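For reference, the structure discussed in these notes is given below.
In what follows, chains carry the letters A, B, and so on, assigned in the order in which the sequence lines appear, proteins first and then strands, with residues in each chain numbered from 1. Keep in mind the model is a prediction, meaning the values are calculated, not measured.
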Amino acid sequence: MNTDAIWLNARLGFEHILDPAGLDHVLFLMVLVAIMDFRDWKAVLWAVTAFTIGHSLTLAWAPASFVEQWQGWIEWGIPFTILMSGWLNILRGEKGKNGSVRWLMASLFGLIHGLGFGNYFRMLSAGSDSKWADLVPFSLGIESGQLLVVLAFMILSWAFRNAFAIKLRDWNLVVSGMGTGIAFVWMLERWP
Amino acid sequence: MRQRLYLLFLLLSLTASQMHEYYLSVARLEYDEKTQDFEMSVWFFADDISLCLSDRSGLEIDWQEKQIALADSLLNDYLSERLYLIDGQDRMRPMELMGTQQDGELIRAFLRLHAPETSNFRVQFAALTERFDSQRNLLHFKRGKAKTTLYFKKESEAQALQP
């Protein structure tokens, strides 16, 4: 493994998250942290990292034949994770922002998103001597992209809430409601 | 004001709608000092390369055994224009397709070029970029123990082969 390949794998992971054509992962992250403020930075970091660990696990171990056979359900499952996260936010409100439920949910849903990255990563590591040498920089690139997305979203949320005097509780309803709505449309479109 | 905000987000919810499409191909190129051959394996998503070949030829592409000779012939012509080496005298040096193999959703193509003289060689990997704007192509090059990786996008120029 050469240093060019390490940097490129990290770059492709980073770009994969920020790709305007890949709004589903970004929307999941937005909904995941919709109920959180800058004061909850530790919970944010745990949730995003748990999500990365989840999708790295399936990238590492999910057999290609499984991903190909269930591709339709995997694509459908990604908006389902957004819908469930949005519902959880709406039902539990601020009670659900800390604790094990949030990072357990993030890691569990990360497993499904990892299956969604599966074909891309399979191509990226085609013919490679070491899948791990490809996976580690790719996942670190994804993690960096996710943290950037979350940071940008939290800054915008903070500015928006302050500009329009919106409480975090109401903001959560807006973002989670929007995420749930979009996810529902995607679930209908992607029905296998 | 708040009602307007809710309406705005509702509108966004109803208009946003897309799948995550991604376009990537990977090639592994090696120079064998004994045989003086460049040997390459290149992987494409089967649906992407089939679509591209089908657009060019007007034929339906099938990678199954009965139809593979036609698909290989079309792929060989295509790759000679979109994935090739350039020698030190600025001459295009297309590689010869030795065969293909389907592995699930991926097509793997094997190519070779005999080249006793390799100084100042460059490589162009523009496959599928004319069809998909966000196509990315990676080429890993190995010569002896030295390795390098090159990255190509739609407007990328040919790059030097120097591990």
Side-chain angles (χ1 to χ4, degrees), chain A residues 1-9 11-12 15-16 19-27 63-65 67-69 71 75 78-79 113 116-129 134 160 164-166 170-171 173-175 177-186 188-190, chain B residues 1-30 40-48 103-110 132-134 136-143 145-153 159 162-163:
Chain A
M1 187 79 175
N2 61 76
T3 49
D4 296 338
I6 291 169
W7 280 111
L8 270 169
N9 284 344
R11 176 181 169 174
L12 288 169
E15 288 181 353
H16 197 62
D19 184 356
L23 280 180
D24 44 8
H25 304 298
V26 170
L27 186 60
S65 55
V67 175
E68 281 172 15
Q69 189 179 348
Q71 189 68 36
E75 290 297 335
I78 289 171
H113 284 248
F117 296 145
N119 271 344
Y120 184 87
F121 181 70
R122 190 167 168 236
M123 173 60 86
L124 190 66
S125 60
S128 172
D129 299 331
D134 291 317
F160 213 73
F164 296 101
I166 302 172
D170 293 333
W171 180 246
L173 291 178
V174 170
V175 176
M178 177 187 74
T180 306
I182 294 173
F184 184 68
V185 174
W186 283 343
L188 292 178
E189 283 182 350
R190 299 182 184 186
Chain B
M1 186 66 202
R2 205 166 286 177
Q3 278 180 330
R4 284 185 191 172
L5 270 179
Y6 280 112
L7 276 175
L8 174 70
F9 283 118
L10 182 66
L11 197 66
L12 276 172
S13 311
L14 294 174
T15 53
S17 163
Q18 56 187 174
M19 295 270 282
H20 193 176
E21 301 288 349
Y22 44 79
Y23 301 98
L24 180 70
S25 302
V26 171
R28 293 188 184 269
L29 177 66
E30 189 168 355
M40 180 187 278
S41 282
V42 54
W43 288 262
F44 299 105
F45 284 117
D47 51 354
D48 294 345
D103 180 12
E105 294 189 355
L106 305 186
I107 295 292
R108 180 181 185 179
F110 302 90
F132 307 111
D133 287 341
S134 59
R136 302 287 184 265
N137 293 324
L138 284 188
L139 186 140
H140 303 280
F141 178 50
K142 183 179 174 190
R143 182 165 190 164
K145 288 185 178 176
K147 295 175 182 177
T148 190
T149 299
L150 305 173
Y151 181 59
F152 297 83
K153 297 199 286 189
Q159 298 182 48
Q162 289 170 343

Segment of [X] engaging chain B (4.5 angstrom heavy-atom cut-off):
| X | result |
| --- | --- |
| A:Ser125 | backbone |
| A:Leu27 | neither |
| A:Ala126 | both |

Practice problem: Taking only Lys NZ, Arg NE, NH1 and NH2, and the carboxylate oxygens of Asp or Glu, determine whether A:Arg122 and B:Asp103 approach each other closer than 4.0 Å. | Solution: yes
Practice problem: Begin with the C-alpha distance, continue with both residues' side-chain angles, and end with the deciding distance and a verdict on salt bridge (charged side-chain N to carboxylate O under 4.0 Å, His left out) for A:Arg190 and A:Asp24. | Solution: CA-CA 12 Å; A:Arg190 299 182 184 186; A:Asp24 44 8; 3.4 Å; yes
So what's closer than 4.5 Å to chain A heavy atoms on [X]: side chain, backbone, both or neither?
| X | result |
| --- | --- |
| B:Ser134 | neither |
| B:Phe44 | backbone |
| B:Thr148 | both |
| B:Leu138 | side chain |

Practice problem: Please list, chain by chain and in numerical order, all residues satisfying ring-ring contact (aromatic ring centres under 6.0 Å, His included) with B:Tyr151, sequence neighbours excluded. | Solution: none
Quiz item: Sequence neighbours excluded, which residues qualify as ring-ring contact (aromatic ring centres under 6.0 Å, His included) partners of B:Phe110?
Solution: none
Quiz item: Can you tell if the side chain of B:His140 reaches within under 4.5 Å of the side chain of A:Asp4, non-hydrogen atoms only?
Solution: no
Self-check item: Nearest atoms (heavy-atom pairs only) where B:Arg108 meets B:Ser41
Solution: NH2-OG, 3.1 Å
